[in-house]
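Beneath this line is the structure, given in structure tokens, with notes to follow.
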2 protein chains.
Amino acid sequence: MVVKINENYLKLKSSYLFVEVARREAEFVEANPDADIIKMGIGDVTKPLVPAVVDAFKSAVDEMADAETFMGYGPEQGYGFLAEAIIENDYKKYGIELDTSEVFISDGAKCDTGNIQEIFGLDNKIAVTDPVYTVYVDTNVMAGRTGEMGDDGMYEGLTYLKCNADNDFVPELPSEPVDIIYLCYPNNPTGTTLTKDQLKVFVDYAKENKVIILFDAAYEAFIHEDNVPHSIYEIEGAREVAIEFKSFSKTAGFTGTRCAYTVVPKELMAYDGEGNVVEVNPLWNRRQTTKFNGVSYPVQKAAEATYSEDGKAQIKEVLDYYMENAKVIRESLTDMGLEVYGGISSPYIWVKTPNDMDSWDFFDILLNEANVIGTPGSGFGPSGEGYLRLTAFNTLENTKEAMERISKLEF
Amino acid sequence: MVVKINENYLKLKSSYLFVEVARREAEFVEANPDADIIKMGIGDVTKPLVPAVVDAFKSAVDEMADAETFMGYGPEQGYGFLAEAIIENDYKKYGIELDTSEVFISDGAKCDTGNIQEIFGLDNKIAVTDPVYTVYVDTNVMAGRTGEMGDDGMYEGLTYLKCNADNDFVPELPSEPVDIIYLCYPNNPTGTTLTKDQLKVFVDYAKENKVIILFDAAYEAFIHEDNVPHSIYEIEGAREVAIEFKSFSKTAGFTGTRCAYTVVPKELMAYDGEGNVVEVNPLWNRRQTTKFNGVSYPVQKAAEATYSEDGKAQIKEVLDYYMENAKVIRESLTDMGLEVYGGISSPYIWVKTPNDMDSWDFFDILLNEANVIGTPGSGFGPSGEGYLRLTAFNTLENTKEAMERISKLEF
């Protein structure tokens, strides 16, 4: 006997999208050291933590400095004070009742959406949208729920739900039986949304077919359309079929601070091999208590402060700033005659490449001729080919300058 | 088709050790509301973060408050500044050279020791010591590397390496072929250590048999014996066979702050199904970059400060305080005629129950008659039966008071 690796890892494509973007950027910078590059690629925020959050963060660190108020191990599921603030502010507002035992606080939606598949059997059939946030795919490849990637860029054994301009970015229901569907709305990477009615189609399908929906709502704070749900639990029956993921990363600038949460309703059921019903909430609780040790106490206090009156007002200002950028991008590109999607309830703008150009070719033109960095749509899946993602997280000045530069290009 | 759970979760024993301890405590408190309980059970620290750490933590939060110094997504593997401080202070001191790409910073050794098994095949045979930190066992049960738990308290398919007074808590090499061995030294729960020579036996065995050792050194900072290695890499050849886990939790009071790290040397190899050699470091890198988003920036700055001159001096004072408690426990219980182990290079003292009493019976006597809470040894595995764990993390006053109370008991 010898120690054996998890061979599923060998099925992963070795180069990660953003690694290739960084490589091309570095190559360009080396050849053009004086170029003023404007980064509109990776989805990272740029505005600092707001004052209310900073104050709460620091005063929680002060608590850690005093034996009387020091906090050691906290609950793996997160502190009640934060779960209660989440329920009050992110759910009650939309008429959704949750118990704190249904809210699991974590250090990131990437971790949660990556880890959630562990509590489900390896024999489940998985559906993802195409294009897709690659974490959903890669974590299922690593677990062994797929075969190899084919020449078409799709993993054998996965079901891809195509989303492009042809279907107005509304995925059709799977045409073959599946057990688990990942949905992310407002969508990463396309920035598009589903209306309540469109999402209800999926919830109804899930109920009918004993399917679970893994609903990533990390961009919920950017929603500006009335008929777009802020939580999947706004849809009747969703508590029986959906797990929801949310994050403070984009909402409150926590990408470097790290806090998120996952909702697993008590009504959510799955099945064992003999078809017996099993509650899912205790499985995730067991996963988290066994393999996770809770989020840093000062970080949880910082997250709580995002729900204070001051915190909410300050965060709204930041989000408005980003959405103004999104508007500038949408309008400028539209004026240039480009087709754009997203950017209304999302910080992401999904641009159709001119003249059906390849994603990477358009990326290279923007980099070389406008010194603007986007993210090639094809990096998010085969149906992303012919698109490029821009984000609204740069400064307004840079965003305007980038649009100015792009407007001078000829395609 | 219906969505199926991971049925391996059903093999887990439903009640976690500390849940049962808490239940008995709550029951006692309800019956005796005025009792002055002294908790010496769970391994959580009580001393606050030291001033050098608090200062660095808060000033990093200040950086997050300013657009010029704000930090968004960091490297999933952790910041170079912290990896460099770790290498300089925790390794160079012992003659060990590491590259920053071999150090992976995380939010906890529990997470890392729980997640590490994902990069290895499901067909590996696992060995653990008995008693054991249950995370090693449970995460392998959840992944499907075991059968059911037998009446003897052991999972089918796992190899248990017995550690008790009979072998002076030095595990023998596995008597059957295994692929992966979990070792934790200084040991949780027994507080005992392995000398360099004793650990070398395992390293040599691993090299000879193409086995990987997962070495949990979370309690390294408590080592006070010259012949006890601070890192498994002090043993010649260990870089080719061992992954090492360390944590700021017990060292610097970070149980509620969350920071740890894992070392995966470039020389470490495992094998694919055809016997081809595969480097392990890129696998863990892939796992972390796909399923983790790095540790909070202010927390990493706080961890870095543990290595400043002030930080080191302040932390030494805290550790000395805990070790004085350990000494009080050791000497007091020895004076009472009890057999005690550990507590010299560890905050844990492993007490043989008097008159071969059951662990839970001894627990109940201490709770009911001395109002002192320990942790029943049997909760850590069958070979823990007949022992009880006490920890040195309470105050010196409470520790002395607890010993005083126990000294009045008659067994």
Side-chain angles (χ1 to χ4, degrees), chain A residues 1-7 9-10 12 44-49 54 57-58 61 64-67 70-74 107-108 110-111 114-115 118-121 123-125 135 138-139 142 177 179-180 210-212 255-258 270-273 278 283 286 290-293 296-297 299, chain B residues 1-7 9-10 12 44-49 54 57-58 61 64-67 70-74 107-108 110-111 114-115 118-121 123-125 135 138-139 142 177 179-180 210-212 255-258 270-273 278 283 286 290-293 296-297 299:
Chain A
M1 296 180 62
V2 299
V3 59
K4 288 155 293 281
I5 63 158
N6 175 352
E7 291 196 84
Y9 275 62
L10 304 180
L12 293 164
D44 198 0
V45 299
T46 50
K47 290 276 180 191
L49 295 181
V54 169
F57 205 161
K58 285 169 75 176
V61 175
M64 300 295 269
D66 181 338
F70 174 75
M71 305 295 270
Y73 288 121
D107 62 326
K110 178 178 174 185
C111 313
N115 293 332
E118 293 178 21
I119 64 172
F120 298 107
D123 50 349
N124 287 294
K125 173 101 173 157
V135 167
D138 288 353
T139 55
M142 288 151 77
D179 303 303
I180 294 173
K210 297 184 173 172
V211 162
I212 281 184
T255 54
T257 299
R258 315 298 321 139
Y271 301 85
D272 69 12
V278 182
L283 297 181
R286 185 65 199 233
T290 304
K291 298 179 81 172
F292 182 59
N293 232 330
S296 184
Y297 171 74
V299 171
Chain B
M1 295 182 62
V2 298
V3 58
K4 288 154 293 280
I5 64 159
N6 175 351
E7 292 197 84
Y9 274 62
L10 304 179
L12 291 164
D44 198 0
V45 299
T46 50
K47 291 277 182 190
L49 295 181
V54 169
F57 205 160
K58 286 168 73 175
V61 174
M64 301 295 270
D66 182 337
F70 174 75
M71 305 295 269
Y73 288 122
D107 63 325
K110 179 179 174 185
C111 314
N115 293 332
E118 293 177 21
I119 64 172
F120 298 108
D123 50 347
N124 287 293
K125 173 99 173 159
V135 167
D138 288 353
T139 55
M142 288 150 77
D179 302 304
I180 293 172
K210 298 184 173 169
V211 162
I212 281 183
T255 54
T257 299
R258 315 298 322 139
Y271 302 85
D272 70 12
V278 182
L283 298 181
R286 184 67 199 230
T290 305
K291 299 179 79 172
F292 182 60
N293 232 331
S296 184
Y297 171 73
V299 170

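By convention in this document, chain letters (A, B, ...) are assigned in the order of the sequence lines, proteins followed by strands, and residues within each chain are numbered from 1. Model, not experiment: these values are computed from the prediction.
When each of Ile180(A), Leu10(A), Val54(A), Asn124(A) is checked for heavy-atom pairs under 4.5 Å with chain B, Asn124(A) comes out on top. With chain A as partner, the option from Val299(B), Leu283(B), Asp138(B) having the largest number of non-hydrogen pairs under 4.5 angstrom is Leu283(B). By number of non-hydrogen pairs under 4.5 angstrom with chain B, the leading residue of Val211(A), Val135(A), Asn115(A) is Asn115(A). Most heavy-atom pairs under 4.5 Å with chain B, from the set Lys110(A), Lys125(A), Lys58(A), Met1(A): that is Lys110(A). Of the listed residues (Phe120(A), Phe292(A), Tyr271(A), Tyr73(A)), the greatest number of heavy-atom pairs within a distance under 4.5 Å of chain B belongs to Tyr73(A). Top candidate by heavy-atom pairs under 4.5 Å with chain B, chosen from Lys210(A), Glu7(A), Lys4(A), Arg258(A), is Lys4(A). Considering only heavy-atom pairs separated by less than 4.5 Å from chain A, the leading option among Asn293(B), Thr139(B), Thr257(B), Val278(B) is Asn293(B).
With a 4.5 angstrom heavy-atom cutoff, Val45(B) touches chain A via backbone and side-chain atoms both. Interface remark: Tyr297(B) contributes backbone and side-chain atoms alike to the contact with chain A (heavy atom separation under 4.5 Å). For Thr46(B), the part sitting under 4.5 Å from any heavy atom of chain A is the backbone (N, CA, C, O) and nothing else. Heavy atoms of Met71(B) lying under 4.5 Å from chain A belong exclusively to its backbone. Only the side chain of Asp107(B) comes within contact range of chain A, with heavy atoms under 4.5 Å apart.
Residues that satisfy the salt bridge (Lys or Arg N to Asp or Glu O under 4.0 Å) test with Lys291(A), not counting sequence neighbours, are Glu118(A), Glu118(B).
Residues Pro48(A) and Ala67(B) approach most closely at CG-N, 3.6 Å, considering heavy atoms. Here the closest non-hydrogen pair linking Gly72(A) and Thr255(B) is CA-OG1, 3.2 Å. The two residues Met64(A) and Phe70(A) have their closest heavy-atom pair at O-CD1, 3.4 Å. Scanning all heavy atoms of the two residues, the minimum distance from Val3(A) to Ile212(B) falls at CG1-CG1, 3.7 Å.
With rounding to the nearest 0.5 angstrom, the CG atom of Asp123(B) is 9.5 Å from the CG atom of Asn6(A).
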